[in-house]
Amino acid sequence: MTKPDLSEADVSAIIEMALSDHISFATIETEYGLSDAQVKELMRSSLKPSSYRTWRKRVRRFGDRRETYK
């Protein structure tokens, strides 16, 4: 999995977008060219382990709720 060259500002913006509940992985992929797996890898390397686990639980729970509304 190759990661595009990202500046510190881009990494910061991606983390902010990923932490937001209103922005999807598809939006991040469109804007920065990172797949959801690459975003998760970036988040894992940038956040503390407990913060990463909390984020993943929230993202998973939000995705499950979205499925019930479809």
- Query: Is a side-chain donor-acceptor pair under 3.5 Å present for Thr27 with Ser24?
  - Reply: yes
- Answer whether the closest heavy-atom distance between the side chains of Glu29 and Leu34 falls below 4.5 Å. no
- Message: Quick check: do Thr54 and Leu47 have side-chain heavy atoms less than 4.5 Å from each other?
- Response: no
- From Ile14 atom CD1 to Leu6 atom CG, the distance as rounded to the nearest 0.5 Å: 4.5 Å
- Task: Would you confirm whether Gln38, through its side chain, and Ser35, through its main-chain N or O, come within 3.5 Å as a donor-acceptor pair?
- Result: yes
- Query: Should the heavy atoms of other residues, nucleotides or ligands under 6.0 Å from CZ of Arg56 be counted, would the total exceed 12?
  - Reply: yes
- Query: Roughly how far, to the nearest 0.5 Å, is the CG atom of Asp10 from the CD atom of Glu31?
  - Reply: 8.5 Å
- State, yes or no, whether a side-chain contact exists between Met43 and Leu19 at a heavy-atom distance under 4.5 Å. yes
- Query: From Arg44 CZ over to Ser51 OG, what is the distance, rounded to the nearest 0.5 angstrom?
  - Reply: 13.0 Å
- Query: Any side-chain heavy atom of Arg61 sitting closer than 4.5 Å to one from Arg58?
  - Reply: yes
- Message: Would you say that Ile15 contacts Ser12 through its side chain, given a criterion of any heavy-atom pair below 4.5 Å between the two side chains?
- Response: no
- Message: Does the Lys NZ or Arg CZ of Lys57 fall within the cation-pi geometry relative to Tyr52 - under 6.0 Å from the ring centre and within 45° of the axis?
- Response: no
- State whether the side chain of Trp55 and the backbone N or O of Ala18 hold a donor-acceptor pair below 3.5 Å, judged by distance alone. yes
- Item | Pairwise side-chain contact, Val59 with Phe25, heavy-atom cut-off 4.5 Å (strictly under) | yes
